[in-house]
Protein chains: 2
Amino acid sequence: MTDTDSSSLPERKRGSGVKMVYDLLRDEILDLKLAPGSPIDEVQLAERFKMSRTPIREALVRLAGEGLIETLPNRSTMVSNIDFLNLHTFFDALVLMYRVTTRLAAQAHRPEDLAVIRGFHEDYAAALEARDALKMIATNAAFHAAIAEAGRNPYFTSLFRRLLDEGRRILQLYYQSYDEQFPRRFVDEHAAIIAAIAARDIEEADRLGKAHAEAIVAQVQKLFSRNDRLDITL
Amino acid sequence: MTDTDSSSLPERKRGSGVKMVYDLLRDEILDLKLAPGSPIDEVQLAERFKMSRTPIREALVRLAGEGLIETLPNRSTMVSNIDFLNLHTFFDALVLMYRVTTRLAAQAHRPEDLAVIRGFHEDYAAALEARDALKMIATNAAFHAAIAEAGRNPYFTSLFRRLLDEGRRILQLYYQSYDEQFPRRFVDEHAAIIAAIAARDIEEADRLGKAHAEAIVAQVQKLFSRNDRLDITL
DNA sequence: TGTATTTTATTTGTCGACAAGAAAAATACA
DNA sequence: TGTATTTTTCTTGTCGACAAATAAAATACA
């Protein structure tokens, strides 16, 4: 029985319950606090948040819409599994969105966007200094999401956000293996990307975004392919 | 009071209500039977489908998740407006997804995919012969969605589906202006795309997909830019 | 002991009702 | 007549309860 209620305040604003449950569950899923495949119980959540099942259910429907949980009709609902077999489709989409969003940001950004981007850049650097993997992963996603926002294409932004979310779960596995070995390199690459965007150098931004994405993908792929081999030989 | 219930059968399977409402509302929105901006009343829908508000609400939450309706907290919910001011972002995303999905289809398709694609291709040609604009638009979307499915990248497929949906509404406006002038050209282009995919000619598929997308975009943009001018001069 | 069938238990999907919030209407006041 | 305030109406958000569907447990039977 988890005791995570918000300081015994039974008063809650009318529409806020759904968002609260949604946000919290989403973070718990992306931080792997809720393991892929683990069941989600509506009544348990209802008790935990001290509300009826109706708003809980609405939050779950939303999460299902984004693919973060899966619902078997009339049966259980559980945290979505990571589809390791088709990781390449994920990487394909991720690299393309890295490129497109960085490119558009160089083209369409406004001065105030740069401030936001630089803010997350510093948060990321701070998280790296503090060796806080969880925070690194989250701020990295926020950094690239901010770049996408500056590109001002909501279709790309929403797909990219979804990919970055999924990436948070995968990166977590990655850092759990290479524990405490945080590459300083990504900070420098982020800085270079910011510079290209600020200079409105579209081609350079594209190139850097692509290189950055492929570097990350290559590292993660190296890990998983090694794991695959281990799995087979065992 | 609309009388669209399904032949006075009060018996309905347990989980089917939500999907029925979702599918029907979705089609009505995309076919512009429900105009952008028009209000959506939960109780009215509940009466119409003879069910409680709970499953109606779930369907609405899903539609809102896909951006087809918008919900103002504690107030009304309405069909999403078409954002004419930012149509270029839509076109950018559409063209890129046309390219990527056609390219991937040429690369990853299996024989059985081609049968499905050819099926929709014929449906489209038949709809053009019958001068059935609504059916043309729907089968065109289905045709390209089938190509995306053959590419087997769920991230691209889902974004492309969303774009094709939105495109159904825009194309409808397009054909309402150029009424009954259906270009035969698109059928031929579709045939060429199928041939390139079947031949696994990735670069050619990419090229054709791009050209096809840009042709459509150019035509639609011509219409809207003309309308813009009219709006200003009036 | 192993399999088929019934019973129980658990969880989801649906319902009707009620209360909160906001808009519209009605009233008061200058 | 025009503006501010109250009242009413209408829609949404939430609740507790019940029924259907499935899984698990228990029983029957060979």
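FYI, side chains are in, hydrogens and waters are out, and symmetry mates aren't considered; it's all heavy atoms of this structure. Order of the sequence lines fixes the chain letters, A, B, ..., with proteins taken first and strands second; residue numbering starts at 1 for each chain.
Remark: the Arg75(A) side chain and the dG13(C) base include no donor-acceptor N/O pair separated by less than 3.5 Å. Donor-acceptor pairing under 3.5 Å, judged by distance alone, is present between the side chain of Arg14(A) and the base of dT12(D).
Distance Arg57(A) CZ to dC15(D) P: 15 Å, rounded to the nearest Å. The CD-P distance, from Glu42(B) to dG21(C), rounds to 17 Å in whole Å. Here the P atom of nucleotide dG13(C) and the CD atom of Glu58(A) are 15 Å apart, to the nearest Å. If you measure from atom CZ of Arg53(B) to atom C1' of dA19(C), you get 12 Å, rounded to the nearest angstrom. In this structure, CD of Glu47(A) is placed 18 Å from P of dT14(D), rounded to the nearest angstrom. In this structure, CD of Glu70(B) is placed 15 Å from P of dT12(D), rounded to the nearest angstrom. The distance from atom CG of Asp41(A) to atom P of dT10(C) is 12 Å, rounded to the nearest whole Å. For the pair Lys13(B) NZ and dA19(D) C1', the computed distance is 18 Å after rounding to whole Å.
Aromatic ring pairs are classed by plane angle as parallel below 30°, tilted from 30° to 60° and perpendicular above 60°; the pair Phe160(A) and Tyr98(A) is perpendicular. Classified by interplanar angle (parallel below 30°, tilted 30° to 60°, perpendicular above 60°), the ring pair His190(A)/Phe143(A) is parallel.
When each of Pro55(A) and Pro73(A) is assigned the nucleotide of DNA chain D bearing its nearest heavy atom, the one mapping closer to the 5' terminus is Pro55(A). Along DNA chain C, the nucleotide nearest to Ser52(B) and the one nearest to Val43(A) differ in position, and the one closer to the 5' end is contacted by Val43(A). In this structure, Thr77(A) and Thr54(A) both approach DNA chain C, and ranking their closest nucleotides by distance from the 5' end singles out Thr77(A).
Salt bridge annotation for Asp113(A)-Arg152(A): present, with a cationic side-chain nitrogen under 4.0 angstrom from a carboxylate oxygen.
Formation of a donor-acceptor pair under 3.5 Å by the Asn86(A) side chain with backbone atoms of Thr89(A) is not found in this model.
Applying the ring-ring contact (aromatic ring centres under 6.0 Å, His included) test to Phe156(B) and every residue at least two apart in sequence or in another chain returns nothing.
Among the heavy atoms of the strands lying under 4.0 Å from Ile40(B) are primed sugar atoms or P, OP1, OP2 only; no base atom is included.
With a cut-off of 3.5 Å on both pairing distances, the Watson-Crick or G-U wobble partner of dC29(D) is dG2(C).
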